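Shown next, in structure tokens, is the structure this report addresses.
Numbers for residues simply follow the sequence, beginning at 1. Remember, it's 1-based here, ligands and their atoms both numbered in the order they're listed. This one's a predicted model, so the numbers in the text were calculated from it and none came from an experiment.
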Amino acid sequence: MRHMIDIAELSLQEIDDILTLAKDIIAHPEVYQDDCNRKKLATLFFEPSTRTRLSFESAMLDLGGSVLGFSEAMSSSAAKGESVADTIRTVSCYSDIIAMRHPKEGAPLIASLNASVPVINAGDGGHNHPTQTLTDLLTILTEKGRLDNLTVGLCGDLQFGRTVHSLITAMARYGNVRFALISPAELRVPGYIKENVLEKNNIPWKETEQIDEVMPELDILYMTRVQKERFFNEADYIRLKDSYILTTDKLKNAKEEMRILHPLPRVNEIEYAVDQDPRAAYFRQVQNGKYVRMALMLKLLGLR
Ligand code: NCD
């Protein structure tokens, strides 16, 4: 039985298979509409979510299956003190596949060790978010036509942004990919990612606090929100929250073919006027999220 806890568990071939399947689902949704007939997805969300939970649920419904679950920890027995291990043993009795989001890093891994059905990490604290990365990869592939030979700028909260950690881990495996890490000094990419992913694999990367400095080089600009819920004090959050605000003016220096991604939710880091720019791909990215999750669930359930 396979789980999806960390994007590094997938080989490049498996990622390619998922993206290829997602593209086929986009082209021929009717072929897949009954694949998950009588299958149940449980969504266990111990942290807020709009896109991830609803895209998982919409994905299962479009595959002909059904969904159950909870969208806040306080409405589950976690509020009474139940452990993740016991919750998962229970939910394994009632569902065929589980998508779980949790504020504690590693909670979905613990869940997978105690589950009798596949567990998907839908975001664990400031750690990983592999299904957002599959979404990002499908978006980059459809927008740019390739996943190699790209200069990728990641901007914002690179310390706590779990989507950033998973995306760097995945993109670093494609040929001739280089990174520009744009953040305030306090919110830089964690050392373990620099050492274990970037340095270890000789990936070209640089750090800067100035987005304008690297804008002309970028093929992808991945904007992120400052992760308020991970801060220890509000004063630091307030000081850092508006470090980067992407405006139409700042985009004047960017390539015509650059694409702007954002996992969303946006707070203040992209001005609304940017949405009209053809380079803004973040709402197309949202749409892709459903299709990669359909493809991933079909693979984990052994149905395709
Ligand atoms: C992201 C997350 O939850 O990590 N959202 C998402 O799943 N699309 C990004 C964020 O919350 O900033």
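Judged by distance alone, the side chains of D62 and Y32 never bring a donor and an acceptor atom under 3.5 Å apart.
A cation-pi arrangement is absent between R101 and F45, since the terminal nitrogen or guanidinium carbon is not both under 6.0 Å from the aromatic centre and inside a 45° cone about the axis. Figure legend: cation-pi geometry between R146 and Y174 absent, as NZ or CZ is not positioned both under 6.0 Å from the six-membered ring centre and within 45° of its axis.
Using bins of under 30°, 30° to 60° and over 60° for the plane-to-plane angle, the ring pair H127/Y192 lands in the tilted bin.
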Return a table of N or O atom pairs, ligand 1 on one side and protein on the other, at distances under 3.5 Å, rounded to 0.1 Å.
unit_1: ligand 1; atom_1: 3 (O); unit_2: R101; atom_2: NH1; d: 3.4
unit_1: ligand 1; atom_1: 3 (O); unit_2: R101; atom_2: NH2; d: 3.1
unit_1: ligand 1; atom_1: 3 (O); unit_2: R162; atom_2: NH2; d: 2.9
unit_1: ligand 1; atom_1: 4 (O); unit_2: R162; atom_2: NE; d: 2.7
unit_1: ligand 1; atom_1: 5 (N); unit_2: L264; atom_2: O; d: 2.9
unit_1: ligand 1; atom_1: 7 (O); unit_2: T52; atom_2: OG1; d: 2.8
unit_1: ligand 1; atom_1: 7 (O); unit_2: R101; atom_2: NH2; d: 3.0
unit_1: ligand 1; atom_1: 7 (O); unit_2: H129; atom_2: NE2; d: 2.8
unit_1: ligand 1; atom_1: 8 (N); unit_2: Q132; atom_2: OE1; d: 3.1
unit_1: ligand 1; atom_1: 8 (N); unit_2: P263; atom_2: O; d: 2.9
unit_1: ligand 1; atom_1: 8 (N); unit_2: L264; atom_2: O; d: 3.1
unit_1: ligand 1; atom_1: 11 (O); unit_2: R225; atom_2: NE; d: 3.4
unit_1: ligand 1; atom_1: 11 (O); unit_2: R225; atom_2: NH2; d: 2.8
unit_1: ligand 1; atom_1: 12 (O); unit_2: R225; atom_2: NE; d: 2.8
unit_1: ligand 1; atom_1: 12 (O); unit_2: R225; atom_2: NH2; d: 3.3
unit_1: ligand 1; atom_1: 12 (O); unit_2: Q227; atom_2: NE2; d: 2.8

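Ion pairing between a basic and an acidic side chain is recognised when a charged N comes within 4.0 Å of a carboxylate O; E213 and K206 show no such pairing. Ion pairing of R239 with E186 is present here, as a side-chain N (NZ or NE/NH1/NH2) and a carboxylate O approach within less than 4.0 Å.
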